[in-house]
Amino acid sequence: MKQITLTILSRDYTITLDDDFAKIFERDWQKFLGGQKFLDPKDVLNAFIEKCYADYAKENDLKRIIEKIDNAILKEDK
């Protein structure tokens, strides 16, 4: 486990993440910061909305893939 400190509105938040996930999180966090040292709540909210939308899009893609697989299996069974 790895502890990472995030600073939002000059306030530090320490989170503990699994080592493998921490590497990915730190990489993405640095991209998100874009050279900034601090974030304001609006930035965090926008990031959360973007992440939620990305998850929504992935879920829809998975549903379409599952439908295609189900349809292909049904055609084979006939």
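As the structure is a computational prediction, the values presented were derived from the model and not from experiment. Hydrogens, waters and symmetry mates play no part in the numbers below; they use all other heavy atoms, side chains included.
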Which atom names give the shortest non-hydrogen contact between F32 and D43, and what distance separates them?
CZ-O, 3.3 Å

Can you tell me if CZ on R11 sees more than 12 non-hydrogen neighbours from other groups inside 6.0 Å?
no

Rounded distance [0.5 Å steps], CG in L62 versus CD1 in I69
9.5 Å

Rounded to the nearest 0.5 Å, what's the gap from NZ on K23 to CG on D19? Could you check?
7.0 Å

Are E67 and K63 close enough, and set up right, to give a salt bridge (Lys or Arg N to Asp or Glu O under 4.0 Å), and what steps lead you there?
CA-CA 6 Å; E67 275 183 35; K63 285 178 183 178; over 6 Å; no

May I have the step-by-step check of side chain to side chain donor-acceptor pair (under 3.5 Å) for T7 and D12, ending in yes or no?
CA-CA 4 Å; T7 304; D12 291 340; 2.6 Å; yes

Are the side chains of L17 and K2 in contact, using a 4.5 Å heavy-atom criterion?
no

Considering only heavy atoms from C-beta outward, does the side chain of I8 approach that of D40 to under 4.5 Å?
no

Out of curiosity, does F48 fall in the hydrophobic cluster containing Y13 (side-chain heavy atoms, cut-off under 4.5 Å, transitive links)?
no

If I take atom CE from residue M1 and atom CD1 from residue I15, how far apart are they, to the nearest 0.5 angstrom?
10.5 Å

Side-chain heavy atoms nearer than 4.5 Å, only ILVMFWY residues, links allowed to pass through others: does that put L33 and V44 together?
yes

Value rounded to 0.5 Å, distance of NZ in K68 from CD1 in I65:
7.5 Å

In Å, rounded to the nearest 0.5 Å, how long is the span from CG of L45 to CD of E50?
10.0 Å

Y56: partners by ring pair (Phe, Tyr, Trp, His ring centres under 6.0 Å), with sequence neighbours left out
Y53

About how many Å separate CD1 of I4 and CZ of F25, when rounded to the nearest 0.5 Å?
6.0 Å

Would a 4.5 Å heavy-atom cut-off, applied to side chains only, mark D55 and E59 as touching?
no

Checking salt bridge (Lys or Arg N to Asp or Glu O under 4.0 Å) for the pair D61/R64: CA distance, chi angles, key distance, verdict?
CA-CA 5 Å; D61 289 344; R64 283 192 291 276; 2.4 Å; yes

Ring pair (Phe, Tyr, Trp, His ring centres under 6.0 Å) involving F21 - partner list, sequence neighbours excluded:
none

